[in-house]
Novice: 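Got a structure for you, questions after.
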Amino acid sequence: QVQLVESGGGLVQAGGSLRLSCAASGRTFSMYYMGWFRQAPGKEREFVAVISWSGGAKYYADGVKGRFTISRDNAKNTVYLQMNSLLPEDTAVYYCALDSGSGWSLNSADYDYWGQGTQVTVSS
């Protein structure tokens, strides 16, 4: 069993920054790919970013590329999402997720464990 707990969400003005954290417990965190997803009201959950087990490979959705950075600290069992130049359209609940399979998926259905989510609201 895996537990994922996100933190760091909040209310920020457009152009501002937030850093989300996701603390993992219950498995060997460093063995697995980790992803961030988000879900805005009335919309489907969408992929944001994914990071390999070592942190050496990363991939981003087009809408966040150049503004968001995913990283991880395996010694702390934590994955991060640094969000800069935030836009009102970034407003959503952000979820971290763990992929215990082959990894490197952009599809939420491939992720086995999810956090409870953290709300990010960007005001214009």
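Remember, predicted model here, so these are calculated numbers, not experimental data.
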Novice: Determine whether more than 12 heavy atoms belonging to other residues, nucleotides or ligands lie under 6.0 Å from atom CH2 of W114.
Specialist: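 Enclosed.
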
Novice: Of all heavy-atom pairs between C22 and M34, which one has the smallest distance, and what is that distance?
Specialist: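 Shortest heavy-atom contact: SG-CE, 4.4 Å.
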
Novice: Could you tell me whether the side chain of E46 and the main chain of R38 form a donor-acceptor pair under 3.5 Å?
Specialist: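 Not a single qualifying donor-acceptor pair exists.
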
Novice: Nearest heavy-atom pair of R45 and Y95: which atoms, and what distance?
Specialist: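 Smallest heavy-atom distance, with atoms named: NH2-CZ, 3.5 Å.
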
Novice: Flag yes if F68 and L106 sit in one hydrophobic cluster, no otherwise; membership is Ile, Leu, Val, Met, Phe, Trp, Tyr, and two members link when side-chain heavy atoms are under 4.5 Å apart.
Specialist: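 F68 does not cluster with L106.
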
Novice: Please answer whether the main-chain N or O of S21 pairs with a side-chain N or O of E6 as donor and acceptor at a distance below 3.5 Å.
Specialist: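 Looks like no, no N/O pair under 3.5 Å.
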
Novice: Any luck finding a side-chain donor-acceptor pair between S100 and D112 under 3.5 Å?
Specialist: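 Yes, side-chain donor-acceptor contact under 3.5 Å.
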
Novice: Which of parallel (below 30°), tilted (30 to 60°) and perpendicular (above 60°) describes W104 and Y33?
Specialist: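 The rings of W104 and Y33 stand perpendicular, inter-plane angle above 60°.
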
Novice: Would you check if the side chain of Y60 reaches a backbone N or O of I70 as a donor-acceptor pair within less than 3.5 Å?
Specialist: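 Checked: pair present.
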
Novice: W36 and L20: which non-hydrogen atoms are nearest, and at how many Å?
Specialist: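 For W36 and L20, the tightest heavy-atom pair comes out as CH2-CB, 3.7 Å.
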
Novice: Within 45° of the axis and under 6.0 Å from the centre of the six-membered ring of F29, does NZ or CZ of K76 qualify?
Specialist: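 No, K76 and F29 do not form such a contact.
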
Novice: Can you tell me how far apart CG (D90) and OG1 (T121) are? Round to the nearest 0.5 Å.
Specialist: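 So the gap between those two atoms works out to 11.0 Å.
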
Novice: Test ring-ring contact (aromatic ring centres under 6.0 Å, His included) on Y111 and F37; report intermediate values, then the result.
Specialist: CA-CA 10 Å; Y111 287 76; F37 291 78; 5.0 Å; yes

Novice: Work out which heavy atom in D99 is nearest to a heavy atom in S105; give both atom names and the distance.
Specialist: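 Heavy atoms of D99 and S105 come nearest at OD2-CB, 4.0 Å.
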
Novice: Considering non-hydrogen atoms only, spot the tightest contact between L4 and Y113 and give its length.
Specialist: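 Looks like CD1-O, 3.4 Å.
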
Novice: Side chains of T78 and D73 only: does a donor on one sit below 3.5 Å from an acceptor on the other?
Specialist: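 Checked: T78/D73 side chains show no N/O donor-acceptor pair below 3.5 Å.
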
Novice: Minimum heavy-atom separation for A40 to T91, with atom names?
Specialist: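 Looking at all heavy atoms of both residues, the closest pair is CB-O, 3.7 Å.
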
Novice: Are Q13 and S123 close enough that a side-chain donor and a side-chain acceptor fall under 3.5 Å?
Specialist: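 The criterion, which ignores hydrogens and geometry beyond distance, is not satisfied for S123 and Q13.
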
Novice: If you round to the nearest 0.5 Å, how far is CD1 of I51 from CZ of R72?
Specialist: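 Reported value, rounded in 0.5 Å steps: 6.0 Å.
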
Novice: Would you give the length of the straight line joining atom CD of Q82 to atom CZ of R67, rounded to the nearest 0.5 angstrom?
Specialist: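 CZ of R67 is found 12.0 Å from CD of Q82.
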
Novice: Is there a chain of hydrophobic side chains (I, L, V, M, F, W, Y, each step under 4.5 Å between heavy atoms) that links M83 to V12?
Specialist: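 They do share one cluster, since a chain of ILVMFWY contacts under 4.5 Å joins M83 to V12.
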
Novice: CG of L18 to CG of L81: how many Å apart, nearest 0.5 Å?
Specialist: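 L18 CG to L81 CG: 9.5 Å, rounded to 0.5 Å.
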
Novice: Counting only heavy atoms not in K58 (residues, nucleotides, ligands), do more than 12 fall under 6.0 Å from its NZ?
Specialist: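 Counting other residues, nucleotides and ligands, NZ of K58 exceeds 12 neighbours.
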
Novice: Drop me the distance from S71's OG to R19's CZ, to the nearest 0.5 angstrom.
Specialist: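 Rounded to the nearest 0.5 Å, the OG-CZ separation comes to 6.0 Å.
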
Novice: Quick one: CE on M31 to OG on S54, what's the gap to the nearest 0.5 Å?
Specialist: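 The OG atom of S54 is 13.5 Å from CE of M31, to the nearest 0.5 Å.
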
Novice: Could you tell me whether the side chains of N74 and S30 share a donor-acceptor contact shorter than 3.5 Å?
Specialist: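 Checked: N74/S30 side chains show no N/O donor-acceptor pair below 3.5 Å.
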
Novice: Check whether Q119 reaches the backbone of G10 with its side chain - one donor and one acceptor, N or O, closer than 3.5 Å.
Specialist: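 Not a single qualifying donor-acceptor pair exists.
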
Novice: Within a 6.0 Å radius of atom NZ on K43, are there more than 12 heavy atoms belonging to other residues, nucleotides or ligands?
Specialist: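 12 or below, so no.
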
Novice: Can you get from V50 to Y32 by hopping between Ile, Leu, Val, Met, Phe, Trp and Tyr side chains that sit under 4.5 Å apart?
Specialist: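 No; Y32 is not reachable from V50 via cluster members.
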
